[in-house]
Participant: 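This structure is in structure tokens; I'll ask about it shortly.
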Amino acid sequence: MKKSLIIFSLIFALFATSFAQEVKDEPTGAKSTEATADDKDGNKDQICHHRINLHLGGAWNNNIYNRIPAFRENYSLSAIFDFQYAYFFNEHWGLGLGVSVSDIFAKATMNFNTVIPQYEPDQEFNQGTTLYDLYIRGNDIREKQNVFALEIPLQAQFEWKFNEKIGIYAALGLKAYIPLYARNNGPKTQGTFESEGYEPYTDCWYRDMPNHFGSGAYSIVGGPNIGMAGKYNPTNGSSKDARQYRMRASCDLIADFGALFTMSPKTDFYLGAYCGVGFMDILPKNKTPFVSANADNTIQMNGTLGSDVLKFFDVKRDKWRTVTVGLKIGVHIKPCAHLNRES
């Protein structure tokens with residue numbers, strides 16, 4: 001994967017350099033008829049080399065929810081706002097660098113019946129070294145997920161105007177995806193959580209034991225933060241508590257394609273599609289248990305973002321490389337364009 005990224009980066013750099021060289025090598029006398037006519041009016045260059053692009057987008061996003069049979073994904077969407085500055089070497093080709101903020105927001109419903117064999121007894125009650133099997137049932141449990149990120153895109157850009165009113169825009173490049181803050185939470189009023197214990201040594205079932213086994217409230221907690229260590233830290237069980245994890249950054253391949261509609265000589269309205277594919281896993285390296293015990297000995301479910309939920313449900317693919325497909329609207333501003341004519 002690293003070799004692929006290096007090769008892609010070299011190709012991208014060569015691609016951008018070739019445009020700059022094309023402009024340098026263009027003969028001074030090789031001007032279009034429009035440019036020659038322009039010179040007579042006293043204007044040396046009719047091309048505006050600068051662009052300021054503002055976009056707002058919404059998209060479908062992949063998620064780890066749909067890999068787990070016990071989870072039903074209600075939705076997994078994302079929103080983005082981006083700002084880009086681009087320099088165009090000639091009428092059609094340019095290179096842009098920007099900054100974006102994005103949010104992945106998702107929701108899932110859990111229904112599962114599973115067992116943790118040979119569970120440590122001192123997490124529930126002190127019985128020396130005797131082990132038992134912990135049976136867990138979750139019914140209609142809801143979880144919400146948010147991942148806020150900073151993105152830094154670098155793209156080769158292409159524009160082509162069919163006439164004075166309409167044209168096309170395309171862009172291809174890489175972006176740095178940097179999660180800033182993420183969290184899981186779930187309403188305690190929805191769904192039920194039940195647990196039982198079976199001790200093979202005595203052939204005994206433990207049920208309906210307050211603060212140990214039986215039906216009761218559950219909590220889903222988790223608030224990953226890029227600046228924190230990401231180690232498990234028990235909380236008091238409130239669904240609003242935030243516990244710190246560390247989400248990881250990624251490098252993504254991104255592309256845009258759409259239509260430009262002229263609003264004025266300085267401004268185009270943009271409507272188009274965009275997509276992105278992540279090369280790296282954004283889940284925390286250090287994960288907490290999906291099911292753990294609180295300080296008061298009650299069972300707690302931890303959020304999917306920072307827990308070992310994929311391992312817990314024996315899912316083979318334990319990485320999350322983001323995939324995004326969506327739509328954008330926005331404006332492309334040419335600050336140096338002449339107001340009295342198309343540029």
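Here, residue 1 is the first one in the sequence, and each next residue gets the next number.
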Participant: Mind checking whether Ile141 and Tyr65 sit in one hydrophobic cluster, side chains of I, L, V, M, F, W, Y counted as touching below 4.5 Å?
Facilitator: yes
Participant: At their closest point, which heavy atom of Tyr274 faces which heavy atom of Ser78, and how far apart are they?
Facilitator: OH-OG, 4.5 Å
Participant: Under 3.5 Å, is there a donor-acceptor pair linking the side chains of Thr109 and Asn74?
Facilitator: yes
Participant: Might you point out which heavy atoms bring Asn62 and Val323 nearest each other, and give the distance in Å?
Facilitator: OD1-N, 2.8 Å
Participant: Run Gln145 and Leu305 through side-chain contact (heavy atoms from CB on, under 4.5 Å) and show every step you take.
Facilitator: CA-CA 8 Å; Gln145 178 190 102; Leu305 281 178; 3.7 Å; yes
Participant: In Å and rounded to the nearest 0.5 Å, what is the CG to CD1 distance from Leu54 to Ile329?
Facilitator: 11.5 Å
Participant: Restricting to non-hydrogen atoms, name the atom on Gln155 and the atom on Ala171 that form the minimum distance, rounded to 0.1 Å.
Facilitator: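 Scanning both residues, the minimum pair turns out to be NE2-CB, 3.5 Å.
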Participant: Less than 4.5 Å apart, any side-chain heavy atom of Ser307 and any of Lys287?
Facilitator: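 No, their side chains stay 4.5 Å or more apart.
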Participant: Could you tell me whether the side chain of Lys107 and the main chain of Lys144 form a donor-acceptor pair under 3.5 Å?
Facilitator: no
Participant: Could you go through the side-chain contact (heavy atoms from CB on, under 4.5 Å) check for Ile80 and Val101 one step at a time?
Facilitator: CA-CA 6 Å; Ile80 187 171; Val101 288; over 6 Å; no
Participant: What residue pairs, at least two apart or across chains, pass ring pair (Phe, Tyr, Trp, His ring centres under 6.0 Å) with a residue in residues 314-334?
Facilitator: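 Qualifying pairs: His55-His332, Tyr169-His332, Tyr270-His332.
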Participant: Restricting to non-hydrogen atoms, name the atom on Lys334 and the atom on Cys48 that form the minimum distance, rounded to 0.1 Å.
Facilitator: CB-SG, 3.8 Å
Participant: Provide the full list of salt bridge (charged side-chain N to carboxylate O under 4.0 Å, His left out) pairs with a residue in residues 309-318, sequence neighbours left out, each pair given once.
Facilitator: Asp314-Lys316
Participant: Who pairs with Lys328 by side chain to side chain donor-acceptor pair (under 3.5 Å), at least two apart in sequence or on another chain?
Facilitator: Asp82, Asp256
Participant: Answer whether the closest heavy-atom distance between the side chains of Lys319 and Leu283 falls below 4.5 Å.
Facilitator: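 When only atoms from C-beta onward are counted, Leu283 and Lys319 do not touch, as no gap falls below 4.5 Å.
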Participant: Taking a hydrophobic cluster as the set of Ile, Leu, Val, Met, Phe, Trp and Tyr residues connected by side-chain heavy atoms closer than 4.5 Å, whether directly or through intermediates, do Ile282 and Ile254 fall within one such cluster?
Facilitator: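 Ile282 does not cluster with Ile254.
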Participant: Considering only heavy atoms from C-beta outward, does the side chain of Phe112 approach that of Phe313 to under 4.5 Å?
Facilitator: yes
Participant: Going from OG on Ser100 to CD1 on Ile178, what distance comes out if it is rounded to the nearest 0.5 angstrom?
Facilitator: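 Output value for this atom pair is 11.0 Å.
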Participant: If we only count heavy atoms from C-beta on, is the Ile166 to Leu260 side-chain gap below 4.5 Å?
Facilitator: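 They are not in contact (no side-chain heavy atoms under 4.5 Å apart), so the answer is no.
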Participant: Not counting sequence neighbours, which residues clear salt bridge (Lys or Arg N to Asp or Glu O under 4.0 Å) with Asp281? List them please.
Facilitator: Arg248
Participant: Looking at CZ of Phe148 and OH of Tyr181, how far apart are the two atoms once the value is rounded to the nearest 0.5 Å?
Facilitator: 8.0 Å
Participant: List, by chain and then residue number, the residues other than Val325 in its hydrophobic cluster (Ile/Leu/Val/Met/Phe/Trp/Tyr, side-chain heavy atoms under 4.5 Å); write none if there are no others.
Facilitator: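 Members alongside Val325: none; it stands by itself.
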Participant: Tell me whether Ile68 shares a hydrophobic cluster with Met110, the cluster being built from Ile, Leu, Val, Met, Phe, Trp, Tyr side chains joined at under 4.5 Å.
Facilitator: yes
Participant: Hey, is Asp252 close enough to Arg321 for a salt bridge, meaning N to O under 4.0 Å?
Facilitator: no
Participant: Is a donor from one side chain sitting under 3.5 angstrom from an acceptor on the other, for Glu164 and Thr262?
Facilitator: no
Participant: Using a 3.5 Å distance criterion without hydrogens, assess whether the side chain of Asp308 forms a donor-acceptor pair with backbone atoms of Phe290.
Facilitator: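 Checked: pair present.
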Participant: Just by modelled atom types, is the Lys175 backbone N or O under 3.5 Å from a matching donor or acceptor in the Glu151 side chain?
Facilitator: no
Participant: Centres of the Tyr85 and Tyr87 rings: under 6.0 Å?
Facilitator: no
Participant: Quick one, Phe83 and Ile52 - any side-chain contact, counting heavy atoms below 4.5 Å?
Facilitator: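 Yes, side chains in contact.
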Participant: Among residues at least two apart in sequence or on other chains, which ones pass side chain to side chain donor-acceptor pair (under 3.5 Å) with Asn113?
Facilitator: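 Per chain and number, Asn113 pairs via side chain to side chain donor-acceptor pair (under 3.5 Å) with no residue.
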Participant: For the pair Thr324 and Asn61, evaluate side chain to side chain donor-acceptor pair (under 3.5 Å) and give the outcome as yes or no after the intermediate values.
Facilitator: CA-CA 5 Å; Thr324 305; Asn61 241 88; 3.0 Å; yes
Participant: Return the orientation label for the Phe158 and Trp160 ring planes: parallel under 30°, perpendicular over 60°, tilted otherwise.
Facilitator: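 Because their plane-to-plane angle is under 30°, the rings of Phe158 and Trp160 count as parallel.
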Participant: Determine, stepwise, if the pair Leu172 / Gln157 fulfils side-chain contact (heavy atoms from CB on, under 4.5 Å).
Facilitator: CA-CA 7 Å; Leu172 178 67; Gln157 300 186 6; over 6 Å; no
Participant: Using a 4.5 Å cut-off on heavy atoms from C-beta on, say whether the side chain of Tyr75 contacts that of Asn63.
Facilitator: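 No; the side chains remain at least 4.5 Å from each other.
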Participant: Under 6.0 Å from the ring centre and within 45 degrees of the ring axis: does the NZ or CZ of Arg51 meet both conditions for the six-membered ring of Phe88?
Facilitator: yes
Participant: In the structure I gave you, are the side-chain heavy atoms of His49 and Ile47 within less than 4.5 Å of one another anywhere?
Facilitator: yes
Participant: Could you tell me whether the side chain of Asp268 reaches within less than 4.5 Å of the side chain of Val331, counting heavy atoms only?
Facilitator: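 Val331 does not reach Asp268 side chain to side chain.
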Participant: side-chain contact (heavy atoms from CB on, under 4.5 Å) between Leu154 and Leu174: does it pass, once the steps are laid out?
Facilitator: CA-CA 6 Å; Leu154 176 64; Leu174 296 170; 5.6 Å; no
Participant: Indicate if Leu271 and Ile168 have the same hydrophobic cluster label, given that clusters are the connected sets of ILVMFWY residues with side-chain heavy-atom separations under 4.5 angstrom.
Facilitator: yes
Participant: Compare every heavy atom of Ser102 with every heavy atom of Tyr177, then report the nearest pair and how far apart it is.
Facilitator: CE1-OG, 3.9 Å
Participant: What's the shortest heavy-atom distance between Arg142 and Asp140, and which atoms?
Facilitator: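 Reported closest heavy-atom pair: NH2-OD2, 3.1 Å.
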